[in-house]
Structure formats: C-alpha cells, structure tokens
Number of protein chains: 2
Amino acid sequence: MTVTLADVAARARVSPATVSRVLNGNYPVAAATRERVLRAVDELDYVLNGPASALAAATSDLVGILVNDIADPFFGIMAGAAQHAMGEGPGRAGGEKLAVVCNTGGSPERELTYLTLLQRQRAAAVVLTGGAVEDAGHTAATAAKLARLADAGTRVVLCGRPPVPGAGEAITAALTFDNRGGGRRLTEHLLTLGHRRIGYVAGPAERTTTRHRLEGHRAAMEAAGLGGAGLDRLTVHGRYDRRSGYDATLELLRRAPDLTAVVAANDTVALGACAALRDRGLRIPDDISVAGFDDLPFSVDAVPALTTVRLPLHEAGARAGRLATGTEAPPPGGVATIGGDLVVRASTGRPAA
Amino acid sequence: MTVTLADVAARARVSPATVSRVLNGNYPVAAATRERVLRAVDELDYVLNGPASALAAATSDLVGILVNDIADPFFGIMAGAAQHAMGEGPGRAGGEKLAVVCNTGGSPERELTYLTLLQRQRAAAVVLTGGAVEDAGHTAATAAKLARLADAGTRVVLCGRPPVPGAGEAITAALTFDNRGGGRRLTEHLLTLGHRRIGYVAGPAERTTTRHRLEGHRAAMEAAGLGGAGLDRLTVHGRYDRRSGYDATLELLRRAPDLTAVVAANDTVALGACAALRDRGLRIPDDISVAGFDDLPFSVDAVPALTTVRLPLHEAGARAGRLATGTEAPPPGGVATIGGDLVVRASTGRPAA
DNA sequence: CTGTTAGCGCATTCAA
DNA sequence: TTGAATGCGCTAACAG
C-alpha cells in the first residue's frame, strides 16, 4: 500500500533516520549514501507524509495568504507575487513551501476561521492582505488569534494592511500602503485642475482602506476650504465592485447634478462610475472627470484611460512573500509604509466653464 | 505551552478518547459530557492539531484548487466560487474544509510540484482549473500523479479542463467548457455580419483551451469556404494577457492591413487588441470589429462593450466545489460539458463597404 | 557520518 | 456511553 520512509530505508539499506536526513538536507550525509537513498525514493515513488512530518517537527511548510476577494486582481496580483517569491527560497530541494491562498470574501468570521485552520495546520507563516474590518470585537479577536499563531512559531506578515492594534509583538512585519497620502494627492490634482464640486464613491464603511482613502480626500478638500457638512452629502459608500460604483454614481448625480468630478474608492469602482456617467449622457472628462485608485492592469485600457494612484502591488506582494519565508529582514520597527504614485491620464481634465 | 487534547480531557474530567469523539461528532456522546468537553475546549482555547489528526486519521481537511494565473479574474471567479461552495458542506461543526488555491503560473512543473505537495498533505480533494498543457511527457506525469492521489483517497475534480488522457479512473468528475463550440459560434457571428478577412489572436500554442477555441474558429471559417493556408497567416499566438493581445494585433495588422475583424483568445487579450487598434487610428466597430471570450466582468464596461462568449464561471466553480466535497454526485460518465453563450455587444458590426 | 530510541497529538480498536 | 491501549509516519536527540 502506501510507501513509507521505512520502506525506503529498507530498500536503501540504511536507517530511517538517514533517509529523513537526506530528504531534509539538514544534516551531513555521505554522497554515496545519499545517492542510494534518492534512488530508492525514486524507485518506490515515495512521497513524504506531510502530517507525520509536521507532527514530529512541530512545524509545517504551509504558508497561508489571506485575501478579501480572490476574483479581484488587486489581491490576485499581491498573492501571486507573494507565492512566487516564496518559491525562490535559498534552501533548494526540501525548501518547498506550500503557499496557499485563502479567500475570506471580506468576512471577518471567515478570516478568523481560516486563521484557526491555519493554526491547526501549524502553518509556517500567514500573510494578511488588504484592508481590515474595523470592529472592536473583531480587532481584538484577530489580535488574540495572531498572538497565538506567533506563539506557535508562525510568522505573521501584513501586506497592504495597517498594523493590528494590540498585536504588536505578534507581527513579524507590516507593509502598509499610504492610502491617506494617495487619496490626498489625487484630490489635490483635481482641485488644481479647478474642480470644486467633487463626489466621492467610497468603499464599505468599516474598512481601514476605505477610511484612509476617504480621509486623504477630505483632508485635501478641507485644506482648500471645501470642508464641512457638504462633504457627507457628496460621499456614498458601497462595495469594492463595479456594480456598486455604478449605483453610487447615479445616487451622487441625484444628490448633486452639478458635480464636475467623481473620485472612486478604486479602479474597479471607477469603471462602474464611468459606465453610469456615460449612461447619463455625460462625456469624460469634458463634462465630468473621474479618478480611481490602485492602477490595475485594465485601467490604462479604459476609455478614456483612468487617472489613478499606482500602488506597487507586485513589489509589495513579493516582499511580503520574502518576509514570510524569512528570506528578507523585517523593516526597522517592523512597519514599512509604501507610497502610491499619482498617475494622470485622460479621464481627468479641467471642469467645463 | 500549546494546549493538547489531553489537557482538555483532564479539565473536563473525561478521557482523551471522549474529547476526540465530541470534536469529531462521529460517535454517540452523552449531552452532558459533550457540554463539559466543549466548555473545557473553550476555556482552554484549544485548537486541534491538524497534522496529528491527519496522521492518525490518514486524511486531512485540506482541499487544493490549482489555477494557472491567480491575477486573472477568469480563475479568481472559479476559485472563489469553488471555495465558497465548499464552506456550505452539510456536516456543520467539524465539517470545515481548508480550501486553498495554488498558483501554478501556467508552469507544468509547478503544477506537478503542487500536486506532490498536496499529496504530501493527504489532501481530501484537488480541483484543477483551466486549460492543460499538451505535452506528452507532462500529460503522462500528470496522469500518473492523479492516479496516485486518487489511490490515496483524494478526490480529483477538473473544472474547465478536458479529461486527462490516461487518468480516466483517477478522476472523480470533469467539468469541461465547450470552447470549440463557443469559438465556432463567435466566428459564425462575424461571418454572418459579412466579414471575410478575420484575424485571430490565439493563446499559448500548447494549451488545450487555445487549441479548442482556435479549432472552433477554423471550423467556422472552413465551413464558409475560407479555409486553407491563409488561416495560418491570420493567426498569431501569444500569452493570455493584455500586452500580448496588443502586440499580436499589431503583428496581424502588419500581415494583413485589410482585416475587418479580430477575434481574441479571451477578453483580456481583446482589451489589448482594442488598444492596439485605437492606437493605429482605427474605430471599433466602424473600421474593424473585435470579439473576446469568457465575458469577464469588465467586458461589458469596455468601450465599445465587448462581443464575447459567456462562460458560466461562477456556476462551474461552485459545482466543482460541491463535487470536491462530495456534496454533489458526479455527472454520468464523470464528464459534463458546459456550453458558452454568444453575447453580442457593440464591438462587432458590419464591415465597412 | 550513521543507527537507536523515543515520542509528537490524535483516532480508533477493544473492553468494560 | 466511556476508558485504556495502540500505532499512524516521521524527526530529533543521543550514542557510537
């Protein structure tokens, strides 16, 4: 039936321990012996029993990458880069990490469930990507869970997420995006063009990413003397998807038909906003300007091409992957802020006179 | 240190075996005892040791979903749906499956590596999504690997991939897309509009998806008396990404400046094709028509909206998830073909006179 | 450099 | 309905 390490040992005429050593490559083994063992492994088509190995070693080669929405390229790009970076580990041969992505669907409960499942598997590392849900209960639960994970030796890396309050010690490294700064610069760009009545299509209210981008926007508005209650009227919350952007934009137009610009929470939402504006007969950017966030691959192909804030998703993901495998040293203080670049394209222009 | 089942047993004043039984819910346990145990679990914040459990039971709750490109929504949608469907299992409580997606990046070697890693973890099921690479060596290796997986009790489900030659017995179920039929209908649509000089931007040459879609296209062309060597000249292969579509389209235009339509291997490629055509000063569809495949969410928002073939990615993924957990019975013969619907939008029209 | 010896934490017989 | 005993397959000291 299933071939075990003992079978390999018997065939290679060595002890099980020796087989284990050549497989893990952690101890010196004579070249000739190693050859013999590897041949036996090959002939028997032996595959290490992961659970047994993990049980004995009290650690596994599983690395979990948590994402809010696997169908969203924003997460796909980071996850793919992280996964790729982990394959590059220095310790060839047995150094394989099973990098694996878990889709929380944005649900805090599922996030916790996955964390437990990963803890159960004694994962080597966990990477949390994207914004967190800001709910006192959930934040505390997450912090506690991460602390336990860290206790058990699991490395915890945050990618595109602010440090979890109360989990300082538990976190190996946090790579956070400067959503606030990006949001501010984007709105400043519009203000500079001469816009004054700017609508904002925000993401889900309880997300850190949403809040930070919105805060950046409002900071810019207030600095231009456009603060006050009006801001609330010109902000509509929704999901981070196309449909939500479409609906929210129509609502914005209903509330303020004289809008000259719409800023969206991200590029996907911006696409929906563009569709809504077109359906209303408005030309972009002649009648109204539109801006997004993230600079996903499709944004340059939108018509007109989208003005947005470029986040180095690929680099961030790769770095998170290296941090998770211990290939790269954590930044000083454990936290690194990654900036976004304003990318001005054709979807924004001067407001109509 | 780390809490074990024995600790829980001690606290609940029962034997370890009893704790195991209430946790797995497979044996009758007195309600009062169960209560006591669950309370102890809670108080101690106990988490089952996955590897130990998997070792003892010779099976784990890990399910692997392999995708070619995690940054591509085509895969993200299927994977997300599959993952979601698995969470719905009937056996609540301990029924949690750790559904996990593995990004092969389209590399046959990585695919095999992941399969081995999953075999090592004694995965409960494996879902392979998207087209396969058609290389005799790799096909044989994959078939052999799948056979071993199946031998070990792992369920193998194919989603959007044709049955693996030589692995018939090993596969629980195969959900394949009718790429050929979709490709044929798409080209027939263009022929009906009056097009005769149709360029084709294909995917990577060695992929089943690529071949099937292309065969459908050519079948339609030949049926219209447009077969022959000319077809090769009007076909350019590339990757399934935007950039590749852009470059291939320019090449097509170079080879045949009088093209009246371009069919792309998928929507992402079509987006690149549109960009190239625009950059060349051609209007869509007035000067030239464009069509894609898949009907990804962004396709309806392209300008002009993309004519394409809609694949029920969400449904297919969900079904694959259910097949993987055994929630749904396999189709008769183990293979089900899923059709695609022609979706005619604004990017295709009659050729210019 | 290699063999021996103990568990790792849990599921599952077999009794009671 | 519950407890005691055994072994899953492997790694990690510890000798040699």
*5'-most contact on DNA chain D: V29(B) or A57(B), nearest heavy atom basis?*
V29(B)
*asked:* Strictly distance-based, threshold 3.5 Å: is any side-chain N or O of R155(A) a donor or acceptor partner for the main-chain N or O of A324(A)?
replied: yes
*Are side-chain heavy atoms of I65(B) and V100(B) found at a separation under 4.5 Å?*
no
*So, the side chain of N68(A) versus the backbone of G131(A): is there a donor-acceptor pair under 3.5 Å, distance only?*
yes
Side-chain donor-acceptor distances from residues 48-55 of chain B under 3.5 Å, at least two apart:
from: N49(B); atom 1: OD1; to: A52(B); atom 2: N; distance (Å): 3.0

*Closest nucleotide among dA11(C), dG9(C), dT2(D) to the A52(B) side chain*: dG9(C)
_Between S15(B) and T18(B), do the side chains contain a donor N or O and an acceptor N or O under 3.5 Å apart?_
yes
Write down the protein N/O and nucleotide N/O pairs, taken from nucleotides 3-7 of chain C, whose separation is under 3.5 Å; answer none if there are no such pairs.
from: dG3(C); atom 1: OP2; to: S15(A); atom 2: N; distance (Å): 3.0
from: dG3(C); atom 1: OP2; to: S15(A); atom 2: OG; distance (Å): 3.3
from: dG3(C); atom 1: OP2; to: T18(A); atom 2: OG1; distance (Å): 2.7
from: dG3(C); atom 1: N7; to: R21(A); atom 2: NH2; distance (Å): 2.6
from: dG3(C); atom 1: O6; to: R21(A); atom 2: NH1; distance (Å): 3.2
from: dG3(C); atom 1: O6; to: R21(A); atom 2: NH2; distance (Å): 3.4

*Under the salt bridge (charged side-chain N to carboxylate O under 4.0 Å, His left out) test, which residues partner D42(B), sequence neighbours left out?*
none
*Quick one: is S53(A) getting a side-chain N or O under 4.0 Å of the dT11(D) phosphate, OP1 or OP2?*
yes
*Would you please name every residue forming a side chain to side chain donor-acceptor pair (under 3.5 Å) with E43(B), sequence neighbours left out?*
R11(B)
*Taking CG from L55(B) and C1' from dG9(D), how many angstroms apart are they, rounded to a whole number?*
6 Å
_Within residues 36-43 of chain A: residues closer than 4.0 Å to DNA chain D (heavy atoms)_ = none
_Using OP1 and OP2 only, check whether a side-chain N or O of N24(B) sits under 4.0 Å from dA11(C)._
yes
*Between Q121(B) (CD) and dG9(D) (P), how many Å, whole number?*
15 Å
_Qualifying residues under side chain to side chain donor-acceptor pair (under 3.5 Å), relative to R161(B), sequence neighbours excluded_ = E111(B)
_Check this one for me: any side-chain N or O of T4(A) less than 4.0 Å away from OP1 or OP2 of dG9(D)?_
no
